[in-house]
There are 2 protein chains.
Amino acid sequence: MTGSGGGQTIDSMVTTDLLEHELLRGGHRITEPRRRLLSSIQAMGDHFTAEGLAAASPGVGRATVFRTLKLLQEVEAVCQVVLDDGTLQYRLTPNNAGHHHHIVCSRCGAVNDFASCDIQGLLAELARRTGYDIETHRLEVYGRCSECREELGRA
Amino acid sequence: MTGSGGGQTIDSMVTTDLLEHELLRGGHRITEPRRRLLSSIQAMGDHFTAEGLAAASPGVGRATVFRTLKLLQEVEAVCQVVLDDGTLQYRLTPNNAGHHHHIVCSRCGAVNDFASCDIQGLLAELARRTGYDIETHRLEVYGRCSECREELGRA
DNA sequence: TTCTATGCAAATGGTTTGCAGTCTA
DNA sequence: TAGACTGCAAACCATTTGCATAGAA
């Protein structure tokens with residue numbers, strides 16, 4: 001269950017391997033606690049909190065959780081998701097995708113990504129109007145995922 | 001200096017009055033500490049931090065700063081700005097504008113608003129593709145304001 | 001063996017809460 | 001006067017840091 005072979009889907013195996021690979025590429029070591037964290041991360045699916053990750057990885061110190069999380073961010077293996085209420089969640093970066101955004105379910109917390117950045121036009125005009133040299137942007141979309149909509153509809 | 005008459009511009013006076021008005025409309029009282037905070041807020045211009053507001057309002061307790069800040073947010077008189085690094089800033093809501101976004105200078109921290117939400121098309125397609133019922137979104141743009149660009153260019 | 005990574009616990013930064021006293025409407 | 005508001009200090013929560021130890025290369 002915690003190993004990297006088990007009954008996992010090919011996707012999750014690849015994901016874990018990718019994570020380890022990213023760490024190695026960044027010049028970091030693959031240690032037991034890190035392996036456990038990576039495993040927990042992919043077991044938790046599309047989104048997780050630092051707190052949840054710590055809870056799902058007993059025996060791993062809190063500091064290590066945060067240190068590893070920061071490492072994974074540097075290596076761009078995971079990214080932060082800003083929730084509606086300002087809370088932070090984390091998410092596996094999809095296939096090392098570079099720039100992308102999140103659409104978050106405000107009920108169940110599910111996170112999906114989208115890369116289509118049709119705001120380039122908007123940004124260009126914004127740059128023209130404000131005189132800014134635009135570097136980046138942060139776009140998070142909030143709503144109800146289809147599952148939650150169904151559940152609510154039934155209730 | 002702390003009063004509402006002083007050498008202030010008409011704009012800032014109006015702003016302060018608007019703030020007081022919003023508080024009243026929300027069923028809240030206008031007290032001395034609050035008056036001081038409102039005054040500090042408009043004196044600080046387009047953006048400020050809780051910390052800065054507290055510093056600019058000596059004699060007003062930290063708790064009151066945060067309580068008032070929360071109040072002003074509820075009344076939609078000020079809004080939060082998420083900085084590049086995840087830090088929070090606050091900003092006067094421009095003319096009670098409803099939905100709007102921020103463009104933040106990553107060097108000097110200046111904040112400007114823009115309301116042009118040309119992402120409706122993007123959001124619509126996103127809704128279609130993901131099955132989400134989209135409620136809101138958060139868009140923050142980061143870059144260098146024209147002044148900072150000039151300064152850097154000169155250096 | 002060397003140097004990175006870990007765990008613990010204490011420190012931190014930012015924000016919130018409890019409470020008795022103060023002030024506004 | 002009644003109840004909202006305040007200041008203080010303590011409580012909180014999430015994250016970070018110091019340090020001695022354990023582990024990977």
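All chains are named by letter (A, B, ...) in the order of the sequence lines, taking the proteins before the strands, and each is independently numbered beginning at 1. Since the model is a prediction, treat every value here as computed from it, not as a measurement.
- With C/dT15, C/dG7, C/dT17 as the candidates, the nucleotide lying closest to the side chain of B/R62 is C/dT15.
- Heavy-atom contacts of chain A under 4.0 Å fall on DNA chain D between two terminal nucleotides, which in 5' to 3' order are D/dT15 to D/dA24.
- Rounded to whole angstrom, the span from the CG atom of B/D85 across to the P atom of C/dG13 amounts to 15 Å.
- Between the P atom of C/dG14 and the OH atom of B/Y90 lies a distance of 11 Å, rounded to the nearest Å.
- A salt bridge is defined here as a Lys NZ or Arg NE, NH1 or NH2 lying under 4.0 Å from an Asp or Glu carboxylate O, and A/E20 with A/R35 meets this definition.
- Close to C/dT6, at under 4.0 Å from its OP1 or OP2, lies a side-chain N or O of A/T31.
- Atoms CD (B/Q89) and C1' (C/dG14) sit 15 Å apart, rounded to a whole Å.
- Nearer the 5' end of DNA chain C, as judged by each residue's closest nucleotide, is the contact made by A/R34, out of A/R34 and B/A63.
- Annotation: the span from A/H101 atom NE2 to A/D113 atom CG amounts to 10.5 Å, rounded to 0.5 Å.
- Atom CG in B/L88 sits about 10 Å away from atom P in C/dT16, given to the nearest Å.
- Atoms CG and CG, on B/L18 and B/L92 in that order, are 9.5 Å from each other to the nearest 0.5 Å.
- Interatomic distance, CG of B/L139 versus NE2 of A/H137, reported as 7.0 Å (0.5 Å rounding).
- When the C1' atom of C/dA25 is taken as reference, atom CG of B/L24 falls 11 Å away, rounded to whole Å.
- If you measure from atom CG of B/L69 to atom P of C/dT15, you get 9 Å, rounded to the nearest angstrom.
- Salt bridge status for B/R144 with B/E150: absent, with no side-chain N to carboxylate O gap under 4.0 Å.
- Here the side chains of A/L88 and A/T49 are not in contact, with every heavy-atom distance at 4.5 Å or above.
- The side-chain contact (heavy atoms from CB on, under 4.5 Å) test with A/L37 singles out one residue from A/L19, A/T31, A/V60, and that residue is A/V60.
- Residue order along DNA chain C, read from the 5' end via each residue's closest nucleotide, puts B/K70 first among B/K70 and B/I30.
- If you check C/dG7, C/dA5, C/dC19 against the side chain of B/R67, the one that comes closest is C/dC19.
- Set against C/dA25, C/dT16, C/dT6, the side chain of B/F66 has C/dT16 as its closest nucleotide.
- Following rounding to the nearest Å, B/L23 (CG) and C/dT24 (P) show an atom-to-atom distance of 15 Å.
- Across the protein-nucleic acid pair, A/E74 atom CD and C/dA5 atom P stand 11 Å apart, rounded to whole Å.
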